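Take a look at the structure below.
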Amino acid sequence: HEGFGIPILEAMGSGCLVFAYAQEAVSEITGGNCILFKEKKFPDLAELLDLSLEKENLKIKILENQTKTVNFFNNFDHKNFIARSLNYIK
């Protein structure tokens with residue numbers, strides 16, 4: 001995925017309600033904690049956007065879960081993970 005998912009995580013970290021195309025990498029990065037869509041049908045996306053604005057409880061829950069996703073990546077021990085991966089390759 002272009003940007004390795006960073007733009008999606010940045011949007012989540014900024015408190016934006018994320019809508020994303022349901023590609024495998026996107027689903028994995030977001031943990032499903034966004035509004036995923038499988039088809040690029042813009043009238044349907046507009047309905048999803050309206051629904052997300054109408055259902056405040058749903059919006060709040062998604063935003064809370066997006067924050068958890070961002071916190072996971074912020075707290076992940078990247079340095080140790082890379083070091084172990086490089087040692088595995090040796």
Side-chain angles (χ1 to χ4, degrees):
H1 185 267
E2 185 177 334
F4 301 100
I6 300 298
I8 293 171
L9 292 171
E10 287 175 335
M12 287 180 158
S14 297
C16 296
L17 185 61
V18 173
F19 288 72
Y21 187 62
Q23 295 176 324
E24 186 174 330
V26 172
S27 298
E28 186 176 329
I29 290 165
T30 64
N33 293 322
C34 65
I35 298 175
L36 295 170
F37 56 91
K38 294 183 180 186
E39 296 182 36
K40 296 178 182 179
K41 294 182 178 178
F42 297 108
D44 293 347
L45 290 173
E47 285 184 36
L48 277 174
L49 179 58
D50 283 343
L51 183 64
S52 70
L53 295 173
E54 291 173 10
K55 305 286 184 180
E56 189 66 24
N57 290 340
L58 175 63
K59 179 179 153 187
I60 290 169
K61 186 66 175 170
I62 293 170
L63 290 171
E64 287 172 352
N65 287 335
Q66 287 181 179
T67 299
K68 290 176 186 176
T69 298
V70 171
N71 288 339
F72 168 79
F73 284 102
N74 283 340
N75 296 320
F76 188 79
D77 187 0
H78 296 91
K79 182 179 177 181
N80 188 33
F81 177 78
I82 292 169
R84 285 184 292 141
S85 298
L86 292 174
N87 283 334
Y88 177 78
I89 293 171
K90 291 181 183 178

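Values reported hereafter were calculated over all heavy atoms of this structure, with side chains retained and with hydrogens, waters and symmetry mates removed. The shown structure was predicted, so the numbers you read here are calculated from the model rather than taken from an experiment.
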### Task
Could you label the plane-to-plane angle of the F72 and F76 rings as parallel, tilted or perpendicular, counting under 30° as parallel and over 60° as perpendicular?
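Tilted.
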ILVMFWY cluster, [X] and [Y] together (side-chain gap under 4.5 Å):
| X | Y | value |
| --- | --- | --- |
| L9 | L17 | no |
| V18 | L51 | no |
| I8 | F73 | yes |
| I6 | F19 | no |

Spacing of [X] atom [atom1] and [Y] atom [atom2] [to the nearest 0.5 Å]:
| X | Y | atom1 | atom2 | answer |
| --- | --- | --- | --- | --- |
| L53 | L48 | CG | CG | 11.0 Å |
| L58 | E56 | CG | CD | 9.5 Å |
| M12 | N71 | CE | CG | 11.5 Å |
| I60 | N65 | CD1 | CG | 12.0 Å |
| L49 | D44 | CG | CG | 12.5 Å |
| K61 | E64 | NZ | CD | 5.5 Å |

### Message
Does atom CD (E24) have a neighbourhood of more than 12 heavy atoms from anything else shown, all under 6.0 Å?
### Response
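Atom CD in E24 is not packed in, count stays at 12 or less.
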#### Entry: For Y21, all residues meeting ring pair (Phe, Tyr, Trp, His ring centres under 6.0 Å), sequence neighbours excluded
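Once residues adjacent in sequence are excluded, the partners of Y21 under the ring pair (Phe, Tyr, Trp, His ring centres under 6.0 Å) criterion are F37.
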### Message
Counting C-beta onward and ignoring hydrogens, is there a side-chain heavy-atom pair between I35 and S52 closer than 4.5 Å?
### Response
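A side-chain contact under 4.5 Å exists here.
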### Message
Just so I know, are the side chains of N33 and K68 near enough to count as touching, which here means a heavy-atom distance under 4.5 Å?
### Response
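Side chain of N33 against side chain of K68, heavy atoms only: no contact under 4.5 Å found.
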### Task
Taking all heavy atoms of K38 and all of A22, pick out the closest pair and write down the distance.
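Here K38 and A22 meet closest at CG-CB, 4.0 Å.
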### Message
For L36 versus S27, what's the shortest heavy-atom pair and its separation?
### Response
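Distance-wise, the nearest heavy atoms are CD1-OG, 3.7 Å.
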